[in-house]
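Notes for the one structure printed next.
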Amino acid sequence: MHGIIGFIKPHIQFGAIPVLFPLKKVKVKGALLQLLQRCSTTSNSFQNAANQLKNSSSRVLVLTGAGLSTASGIPDFRSPGSGLYDNLEKYNLPYPEAIFDLSYFHQNPKPFLTLAQELYPGSKYVPNIGHYFVRLLENKKKLLRVFTQNIDGLERLAGVSDELLVEAHGSFVTASCIKCKRQADGELVKQQILTNKIPECEICKNLVKPDIVFFGEQLPERYIELSMNDPFLADFLIVIGTSLQVYPFAGLANMVPSNVTRMLINRETVGSFGMRDNDVVLNGDITSNIELLAKELGWWDDLVALEKDLVS
């Protein structure tokens, strides 16, 4: 292949929108875009990574963010126009992040509790193919751990085992008093929130909230403990649907050893991806790229059957 395509092809990372290094983004149109996409879909780096994932990796570390759940109908936080922070007008907040601000929650818990009614796992949203792919990694005995920034609980609903799941920003499963920290009955708190009641501590009568990490709160001990070890144990990294802007979570992608293949499945290239020789970037629609990966692995039928079984 000659000319511009011959120059570009060696620099392509696999994806619906090709990535050109050292340039960060390239916009191309028409026939050139189609040709570049055809080149990228036969990328040796992608095929080699899929082969490694299937045949030699047994400690796969997965990092997921809000982009994984957008196909389930849950908005991410930061996308201009469609993100959660751009669509909170109905709550009359002083600033968008106040909905996850502990001091504001103490003054006015209703905005968060109203939002929680929508986000409670199983109340409105269900897992998509991406969540089931993570569960399939567990079924294949390849999953070391999945660290998620999401608070929607869809990894749990997809059947990922508690032992292999780290909810970095907390979850709705448990709840506690914001003052005395006493654990409350998580199911009772859920029912109170879903019926427009404000949960209160039985002991000190202060507010109770689900154990979602608000701004200024410490991350869960489980996250702190496992994040110090798991990245160094991984023999393959998959990052799905995150901007890699929120630390310390974002730093996990850089903690895996330099010889470990890192695969990014995201709408655009983020973080340090593309800076290592063994990085593989799948840009574009996340669920489409997960489907493509599953087919390359020869796992598509297994994935469809797993989703069908769990949904039924």
Side-chain angles (χ1 to χ4, degrees), residues 13-14 45-46 48-69 127 129-156 158-171 219-266 269-282 286 289-290 293-294 296-297 299 303:
Q13 297 282 358
F14 177 82
S45 61
F46 169 65
N48 291 341
N51 181 67
Q52 177 189 346
L53 177 58
K54 180 177 182 178
N55 297 314
S56 60
S57 297
S58 60
R59 300 185 305 277
V60 180
L61 181 64
V62 180
L63 310 179
T64 69
L68 175 61
S69 294
I129 191 175
H131 301 99
Y132 291 117
F133 180 79
V134 178
R135 168 63 188 276
L136 185 61
L137 288 172
E138 177 180 348
N139 286 5
K140 299 285 185 182
K141 301 189 184 304
K142 292 185 173 293
L143 184 63
L144 169 64
R145 208 90 60 192
V146 52
F147 286 70
T148 182
Q149 294 174 288
N150 299 333
I151 60 175
D152 51 48
L154 295 186
E155 289 87 1
R156 287 179 179 271
V160 175
S161 301
D162 288 351
E163 177 187 356
L164 301 182
L165 176 62
V166 178
E167 293 163 311
H169 296 160
S171 78
L219 296 177
E221 290 184 10
R222 176 172 169 79
Y223 169 83
I224 295 173
E225 177 184 350
L226 292 175
S227 67
M228 298 298 291
N229 297 303
D230 283 353
F232 303 104
L233 299 175
D235 60 12
F236 200 101
L237 174 70
I238 303 176
V239 177
I240 309 174
T242 172
S243 63
L244 291 181
Q245 293 181 0
V246 179
Y247 284 81
F249 186 94
L252 297 176
N254 298 324
M255 292 171 64
V256 298
S258 59
N259 64 333
V260 169
T261 296
R262 304 190 308 171
M263 178 178 289
L264 174 68
I265 306 175
N266 203 46
T269 305
V270 295
S272 63
F273 275 90
M275 299 180 67
R276 297 187 185 184
D277 291 340
N278 49 1
D279 283 352
V280 178
V281 178
L282 286 74
I286 291 173
N289 278 325
I290 288 176
L293 175 59
E296 181 69 27
L297 292 165
W299 295 352
L303 184 56

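Residues take their numbers from the sequence shown, with the count starting at 1.
Below 30°, between 30° and 60°, or above 60°: for Phe249 and Tyr223 the angle between ring planes is below 30°, a parallel geometry.
For Gly170 against Pro220, the heavy-atom pair with the smallest separation is N-CG, 4.1 Å. Listed here is the closest heavy atom pair of Leu293 and Ala50: CD1-CB, 4.3 Å. Across every non-hydrogen atom of Met263 and Ala49, the tightest pair is CE-CB, 3.9 Å. The two atoms that bring Ala234 and Pro257 nearest to each other are O-CD, 4.4 Å, heavy atoms only. Heavy atoms only, all atoms of each residue included: Gly130 and Ile290 are closest at CA-CD1, 3.5 Å. The minimum heavy-atom distance between Leu237 and Val260, with the atom names listed, is N-CG1, 4.0 Å.
No donor-acceptor distance shorter than 3.5 angstrom exists from the side chain of Arg59 to the backbone of Leu144, with no hydrogens or angles considered. At least one donor-acceptor pair closer than 3.5 Å links the side chain of Ser57 to the backbone N or O of Gln52. Although no hydrogens or angles enter the test, the distance criterion places a donor-acceptor pair under 3.5 Å between the side chain of Asp235 and the main chain of Ser58. When atom types are taken as modelled, the side chain of Arg262 and the backbone of Gly274 share no donor-acceptor pair closer than 3.5 angstrom. Judged by distance alone, with hydrogens and angles left aside, the side-chain atoms of Glu155 form no donor-acceptor pair with the main-chain N or O of Leu165 at under 3.5 Å. Side-chain atoms of Asn150 come within 3.5 Å of backbone atoms of Gly65 as a donor-acceptor pair (strictly under, hydrogens ignored).
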Candidate pair Trp299 and Lys140, rule side-chain contact (heavy atoms from CB on, under 4.5 Å), full reasoning: CA-CA 10 Å; Trp299 295 352; Lys140 299 285 185 182; 3.9 Å; yes

Yes or no on side-chain contact (heavy atoms from CB on, under 4.5 Å) for Leu61 and Phe147, after CA distance, side-chain angles and deciding distance? CA-CA 8 Å; Leu61 181 64; Phe147 286 70; 3.6 Å; yes

Given Asn266 and Val239, is the side-chain contact (heavy atoms from CB on, under 4.5 Å) satisfied, shown in steps? CA-CA 8 Å; Asn266 203 46; Val239 177; over 6 Å; no

Assess the residue pair Val146 and Val166 against the criterion (side-chain contact (heavy atoms from CB on, under 4.5 Å)); give the C-alpha distance rounded to whole Å, side-chain angles, the decisive distance to 0.1 Å, and a yes or no. CA-CA 6 Å; Val146 52; Val166 178; over 6 Å; no

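No side-chain heavy atom of Phe232 sits under 4.5 Å from any side-chain heavy atom of Val256. Ser45 places none of its side-chain heavy atoms less than 4.5 Å from the side chain of Asn48. Residues Pro248 and Leu219 meet the side-chain proximity criterion, which asks for heavy atoms closer than 4.5 Å. Side-chain contact between Arg135 and Leu143 is absent, with no heavy-atom pair separated by less than 4.5 Å. Annotation: side chain of Asp279 is not in contact with side chain of Leu264 (no heavy-atom distance under 4.5 Å). Side-chain contact between Val134 and Leu136 is absent, with no heavy-atom pair separated by less than 4.5 Å. Put simply, the side chain of Phe133 reaches to within 4.5 Å of the side chain of Leu297, judged on heavy atoms. Between Val60 and Ile238, the closest side-chain pair of non-hydrogen atoms falls below 4.5 Å.
Remark: Ser56 OG to Asn51 CG distance equals 7.0 Å, nearest 0.5 Å. Between the CG atom in Asn289 and the CD atom in Glu296 there is a gap of 12.0 Å [rounded to 0.5 Å]. Separating the CG atom in Leu244 from the CG atom in Leu252 is a distance of 9.0 Å, to the nearest 0.5 Å.
Judged as a salt bridge (Lys or Arg N to Asp or Glu O under 4.0 Å), and not counting sequence neighbours, the contacts of Glu167 are Arg156. Evaluation of the salt bridge (Lys or Arg N to Asp or Glu O under 4.0 Å) rule for Arg145 yields Asp230 as partners, not counting sequence neighbours. When the salt bridge (Lys or Arg N to Asp or Glu O under 4.0 Å) test is applied to Lys54, no partner is found at least two apart in sequence or on another chain.
Under 3.5 Å, the side chains of Thr261 and Asn278 contain no donor-acceptor pair of N or O atoms. A donor-acceptor contact under 3.5 angstrom links the side chains of His131 and Ser69, judged on distance only. Remark: the Thr64 side chain and the Gln149 side chain contain no N/O donor-acceptor pair separated by less than 3.5 Å.
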